[in-house]
Structure formats: structure tokens, C-alpha cells
Undergrad: 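First the structure, then my questions, so here it is.
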Amino acid sequence: MNVSPAFQAFAQEAPQHQQAWSEAVQALGAASALDDKTAALAYLAVMAAARLDSGLPFHVKMAKMHGATRDEVISAVLIEPTNNVEKTY
């Protein structure tokens, strides 16, 4: 699976740190109460909200690999931060 140029540079320039980071990510994923699809969609929503768009293509593929539909991916990326706030107008 393709990763962003920034992550490729990280892996090339600091392979031991990249390995430690990957192990930490896997351990956190294993400890999560969320299923893989939900976690992938939540991660997409956070990345989009934080405007970390360089990693979006990779994480869209991961979400789809875990069973997310096109519509679920779109909804995660375009989620409105005030979705659960009662509108007063």
C-alpha cells in the first residue's frame, strides 16, 4: 500500500523510530474497543478536520479494506463538527 512522501522519508531517515512508531500504533489498535472499520472512519474524520490531507489516500484505502463503503468514507471526511449540537435557529 502506498504511503505519503513524508512517511516514506520518515521511514528512510529514521527506520528504528518508524519501527517503534508502527509497533505502538499496532498495540493501540489491539487495545481499542472500536472495531477496525469504525476506528478507520474515526481516524479519517480527525485527519480531515486537522487538514492532514497527505495521509488521506492511504487511510481511505485502509477504511475500505476494513469494509467501509464509499458513502461512509465521504461522510467521515465531511462530518460536521457541530453534528450533535442542538441548532438554535
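Owing to the predicted nature of the structure, the values given are computational and were not obtained by experimental measurement. Starting from 1, each residue takes its place in the sequence as its number.
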Undergrad: Might you point out which heavy atoms bring Ala63 and Leu44 nearest each other, and give the distance in Å?
TA: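 What the structure gives for the nearest pair is CB-CD1, 3.8 Å.
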
Undergrad: Decide whether Leu52 and Leu28 are clustered together by the hydrophobic rule: side chain heavy atoms of Ile, Leu, Val, Met, Phe, Trp, Tyr closer than 4.5 Å, transitively.
TA: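 No, it is not one cluster - the side chains of Leu52 and Leu28 are not joined through contacts under 4.5 Å.
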
Undergrad: Please say yes or no: joined through hydrophobic side-chain contacts below 4.5 Å, possibly via intermediate residues, are Val73 and Leu34 part of one cluster?
TA: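 No, separate clusters.
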
Undergrad: For the residue pair Ser22 and Gln18, confirm or rule out a side-chain donor-acceptor distance under 3.5 Å.
TA: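 Gln18 and Ser22 do have a side-chain donor-acceptor pair below 3.5 Å.
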
Undergrad: Quick one: CG on Asp36 to CE on Met62, what's the gap to the nearest 0.5 Å?
TA: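 Between atom CG of Asp36 and atom CE of Met62 there are 8.0 Å.
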
Undergrad: Examine Val46 and Val77 and state if one hydrophobic cluster contains both, with Ile, Leu, Val, Met, Phe, Trp and Tyr joined whenever side-chain heavy atoms are less than 4.5 Å apart.
TA: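 Cluster IDs for Val46 and Val77 differ.
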
Undergrad: Can you confirm whether His17 is buried at NE2, in the sense that more than 12 heavy atoms of other residues, nucleotides or ligands lie under 6.0 Å from that atom?
TA: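 It does not: His17 NE2 has 12 such atoms or fewer within range.
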
Undergrad: For Phe10 and Trp21, take the angle between the two ring planes, folded into 0 to 90°, and tell me which bin it lands in: parallel under 30, tilted 30 to 60, perpendicular over 60.
TA: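 Perpendicular: the ring planes of Phe10 and Trp21 meet at over 60°.
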
Undergrad: When you compare the side chains of Gln8 and Gln12, does any donor N or O come within less than 3.5 Å of an acceptor on the partner?
TA: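 Judged by distance alone, the side chains do not pair up.
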
Undergrad: Mind checking the CD1-CG spacing from Ile74 to Leu41? Nearest 0.5 Å is all I need.
TA: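 Taking CD1 in Ile74 and CG in Leu41, the distance rounds to 11.5 Å.
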
Undergrad: What is the minimum heavy-atom distance between Ala40 and His66, and which atoms define it?
TA: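 What the structure gives for the nearest pair is CB-CD2, 4.5 Å.
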
Undergrad: Of all heavy-atom pairs between Met47 and His59, which one has the smallest distance, and what is that distance?
TA: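 Smallest interatomic distance, heavy atoms only, reads SD-CD2, 3.5 Å.
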
